[in-house]
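Residue numbers start from 1 in every chain, and the chains themselves are labelled A, B, ... in the order their sequence lines are given, proteins ahead of strands.
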Amino acid sequence: MPELPEVETFVRQLRPACVGQRIAGVTLRWPRHIATPGPRQFRRRIRGQVITALDRRGKFLVFSLTTDALLIHLKMSGDLQVVPNGKPGKHDHTIFHFEDNTELRFNDTRKFGRVYLVGNPDEVTGGLGPEPLARSFTADKLGDLLAARRRPLKPLLLDQTVLAGVGNIYADEALHRARLHPQRRSDSLAPVEVRALWRSLRRTLNLAIRHNGSSIDWMYRGGEHQNHLRVYGRAGEPCLTCGKPIRHITLGGRSTHFCPHCQRL
DNA sequence: CCACCGTCCTGGCTGC
DNA sequence: TGCAGCCAGGACGGTG
């Protein structure tokens with residue numbers, strides 16, 4: 001579920017409830033949730049640390065602690081909330097207990113999510129590409145990234161080492177806004193097309209953040225950007241630009257939606 | 001360098 | 001109704 005806009009929404013909503021909290025302990029109900037270090041050491045090392053900041057890098061939530069960094073990746077089905085101490089739900093696999101008797105619950109139906117406790121967040125996020133919404137991410141930078149590879153645009157946008165935070169929904173949305181075919185080779189774009197993609201990426205992500213992300217199916221409640229999607233999940237429905245039906249294909253193993261009329265090869 | 005596939009998991013939906 | 005099969009926002013490792 002969560003891509004950059006959803007993770008950004010989590011960060012903004014959780015920040016007031018988390019920053020300043022001292023972690024009294026953790027409950028690991030499914031220890032494989034912890035990517036590093038081992039569960040025993042994780043428990044011992046995190047106890048007593050205070051959350052001093054909460055930020056986002058790509059699709060990772062990054063909690064700065066007194067001496068370490070706690071990173072959480074929600075993958076497909078992860079959900080986070082701070083609630084008063086209480087009985088955990090079926091899929092609350094990892095729980096951080098705060099000293100004020102509230103707790104941060106990592107609910108994760110499919111158990112794909114992961115938790116990292118490291119000295120330096122770069123140990124986890126070091127390989128990520130640039131943040132698409134950073135001021136330093138210019139159209140020229142995007143042009144360089146695209147020209148350096150010769151891959152179809154869609155899989156390229158999903159590659160977190162190229163660009164951080166874009167997932168399956170927003171890749172489709174940004175490509176449609178830019179009127180670029182998902183299979184278009186990345187090194188074939190004219191400067192004006194690079195600029196269009198750069199603008200559409202930022203517009204798409206910023207708009208989704210403004211809507212608190214997308215809530216699809218039963219996962220991730222709260223966002224309303226699903227009501228503004230232009231192609232994702234709209235196979236067969238009319239393109240909002242030209243009225244022709246949206247097509248659904250599989251590309252690089254991922255479900256892909258586009259308008260064959262607006263986005264030509 | 002890149003494409004493709006299986007793998008990690010659960011559960012909702014579809015069609016027989 | 002029951003149930004097998006398919007599908008899903010992500011990402012990694014192995015193979016060719």
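- Taking the six-membered ring where the residue is Trp, Trp30(A) and His93(A) present tilted rings, their angle falling between 30° and 60°.
- Contact annotation: Arg114(A) does not reach the phosphate of dC12(C) (side-chain N/O to OP1 or OP2, under 4.0 Å).
- The aromatic ring of Phe112(A) is not stacked on the base of dA11(C), since the criterion of ring centres less than 5.5 Å apart with planes inclined by under 30° is not met.
- No hydrogens or angles considered: nothing links the side chains of Asp140(A) and Thr138(A) as a donor-acceptor pair under 3.5 Å.
- Distance Leu157(A) CG to dG9(C) P: 15 Å, rounded to the nearest Å.
- Side-chain contact between Tyr170(A) and Leu205(A) is present, with at least one heavy-atom pair separated by less than 4.5 Å.
- To the nearest angstrom, P of dA8(C) lies 21 Å from CG of Asp79(A).
- Rounding to whole angstrom units, CG of residue Asp92(A) and C1' of dT10(B) are separated by 15 Å.
- Taking only side-chain atoms of Asn168(A), from C-beta outward, the nucleotide of dG9(C), dC8(B), dC2(B) with the closest atom is dG9(C).
- Taking only side-chain nitrogens and oxygens, Ser255(A) comes nearer than 4.0 Å to OP1 or OP2 of dA8(C).
- Using P as the reference atom, dG11(B) and dA11(C) are 22 Å apart when rounded to the nearest Å.
- Here dG9(C) is in the syn range [glycosidic angle within 90° of 0].
- In this structure, Lys111(A) does not reach the dC8(B) phosphate: none of its side-chain N or O atoms is under 4.0 Å from OP1 or OP2.
- Remark: the Lys154(A) side chain and the Asn168(A) side chain contain an N/O donor-acceptor pair separated by less than 3.5 Å.
- One finds no salt bridge joining Asp172(A) and Arg230(A) here, because no Lys/Arg side-chain nitrogen approaches an Asp/Glu carboxylate oxygen to under 4.0 Å.
- The CG atom of Asp108(A) sits 16 Å away from the P atom of dC8(B) (whole-angstrom rounding).
- Under 4.0 angstrom from either OP1 or OP2 of dC12(C) there lies no side-chain N or O belonging to Lys75(A).
- Between dC6(C) and dG6(B), the distance separating the two P atoms is 12 Å to the nearest Å.
- Considering only side-chain N and O atoms, His91(A) lies nowhere under 4.0 angstrom from the phosphate OP1 or OP2 of dC9(B).
- Gln160(A) has a side-chain polar atom (N or O) that falls below the 4.0 Å cut-off from OP1 or OP2 of dA11(C).
- Taking only side-chain nitrogens and oxygens, Lys59(A) comes nearer than 4.0 Å to OP1 or OP2 of dG10(C).
- A straight line from CD1 of Ile249(A) to P of dC4(B) spans 11 Å, rounded to a whole angstrom.
- A straight line from CG of Leu153(A) to C1' of dA3(B) spans 16 Å, rounded to a whole angstrom.
- Rounded to whole Å, the distance from NZ on Lys154(A) to P on dC2(B) is 18 Å.
- Distances shorter than 4.0 Å separate some side-chain N or O of Arg151(A) from OP1 or OP2 on dA3(B).
- Here Gly253(A) lies out of heavy-atom contact (under 4.0 Å) with every strand.
- Taking the side chain of His73(A) as heavy atoms from C-beta on, and the options dT10(B), dC2(B), dG10(C), the nearest nucleotide is dG10(C).
- Here dC6(C) presents its C1' atom at 13 Å from CE of Met76(A), a figure rounded to the nearest Å.
- Remark: dG10(C) base-pairs with dC8(B). Criterion, Watson-Crick or G-U wobble with two distances under 3.5 Å.
- Counted by atom type alone, Arg177(A) and Thr204(A) present one or more donor-acceptor pairs between their side chains at under 3.5 Å.
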